[in-house]
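Residue numbers begin at 1 in each chain, while the letters A, B, ... track the order of the sequences.
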Amino acid sequence: AQSVSQHNHHVILSEAASLELGCNYSYGGTVNLFWYVQYPGQHLQLLLKYFSGDPLVKGIKGFEAEFIKSKFSFNLRKPSVQWSDTAEYFCAVIPPLNNNDMRFGAGTRLTVKP
Amino acid sequence: DAEITQSPRHKITETGRQVTLACHQTWNHNNMFWYRQDLGHGLRLIHYSYGVQDTNKGEVSDGYSVSRSNTEDLPLTLESAASSQTSVYFCASSDPGVPTDTQYFGPGTRLTVL
């Protein structure tokens with residue numbers, strides 16, 4: 001079955017460490033890609049999105065993601081995490097020819113130690 | 001400011017009862033969605049609607065129904081609640097005119113079925 005995979009279920013980092021969260025998808029063709037963040041007790045918020053153009057996408061709060069088509073990947077990065085980045089991060093894909101049917105990965109829980 | 005609200009925020013019910021979760025958005029978006037969030041599964045699409053009188057089944061639609069009588073509301077009904085439907089439910093909306101199809105999420109409803 002086609003899917004969205006987030007390989008890290010729980011990542012623990014110290015403040016100022018660099019972050020990279022993996023996301024791979026198995027859909028061929030043109031896809032729309034998203035990263036959402038869910039802070040404790042809050043609803044999902046959009047971090048960044050990619051649909052075409054520059055494969056390096058800048059988002060809010062210093063996050064960025066790189067779309068590598070040949071690897072079917074859309075990894076999320078941040079050079080220096082803060083305690084306030086503690087949250088759950090979800091990668092999501094809108095497959096080709098299926099507008100608005102967004103498929104989510106299982107999520108990665110990030111804990112940043114002060 | 002435009003927003004998307006859900007009610008109730010928390011609900012406890014018994015097996016076999018009918019339950020309706022409300023979703024109201026003031027974005028004037030045509031597209032609305034219901035997801036459930038379970039540990040290890042991320043978000044899974046239950047039902048979605050592209051406009052008034054339009055409803056479609058998502059990945060995990062069994063036991064759920066929706067109706068769309070106006071643009072602002074998409075209530076989700078559990079016809080006969082089961083313990084397997086204990087979950088956190090998120091409503092979302094998007095504007096089909098926006099190429100990136102960004103979905104905006106509500107705060108969620110935590111449903112417990114005893």
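- Within residues 104-114 of chain B, the residues that have a heavy atom under 4.5 Å from a heavy atom of chain A are B:F105, B:G106, B:P107, listed by number.
- Note: the hydrophobic cluster containing B:V60 does not contain A:L44 (ILVMFWY, side chain heavy atoms under 4.5 Å, direct or indirect links).
- Counting only residues at least two apart or on different chains, the salt bridge (charged side-chain N to carboxylate O under 4.0 Å, His left out) pairs with a member in residues 15-30 of chain B are B:E14-B:R17.
- No side-chain heavy atom of A:M102 sits under 4.5 Å from any side-chain heavy atom of B:F33.
- Residue A:L46 touches chain B through its side chain alone, counting heavy-atom pairs closer than 4.5 Å.
- In this structure, B:L45 CG and A:R103 CZ are separated by 7.0 Å, a value rounded to the nearest 0.5 Å.
- In this structure, B:Q37 and A:Q38 have side chains that are in contact, with non-hydrogen atoms separated by less than 4.5 Å.
- No side-chain heavy atom of A:H43 sits less than 4.5 Å from a side-chain heavy atom of B:Q6.
- Annotation: B:L39, atom CG; neighbour count of heavy atoms from other residues, nucleotides and ligands within 6.0 Å does not exceed 12.
- Both A:Y50 and A:Y89 are part of a single hydrophobic cluster, where members link through side-chain heavy atoms under 4.5 Å apart.
- B:Y50 and B:V66 fall into different hydrophobic clusters, where Ile, Leu, Val, Met, Phe, Trp and Tyr side chains are chained together by heavy-atom contacts under 4.5 Å.
- Identified by a heavy-atom distance below 4.5 Å to chain B, the contributing residues of residues 104-114 of chain A are A:F104, A:G105, A:A106, in residue-number order.
- Contact annotation for residues 5-15 of chain A against chain B (heavy-atom separation below 4.5 Å): no residues qualify.
- A:F34 has its side chain out of reach of B:Q103: every pair of non-hydrogen atoms, C-beta onward, lies at least 4.5 Å apart.
- The hydrophobic clustering, which links ILVMFWY residues whose side-chain heavy atoms are closer than 4.5 Å, places A:F90 and B:W34 apart.
- B:F90 and B:L78 fall into different hydrophobic clusters, where Ile, Leu, Val, Met, Phe, Trp and Tyr side chains are chained together by heavy-atom contacts under 4.5 Å.
- The local environment of CG in A:L56 is crowded, with over 12 non-hydrogen atoms from other residues, nucleotides or ligands closer than 6.0 Å.
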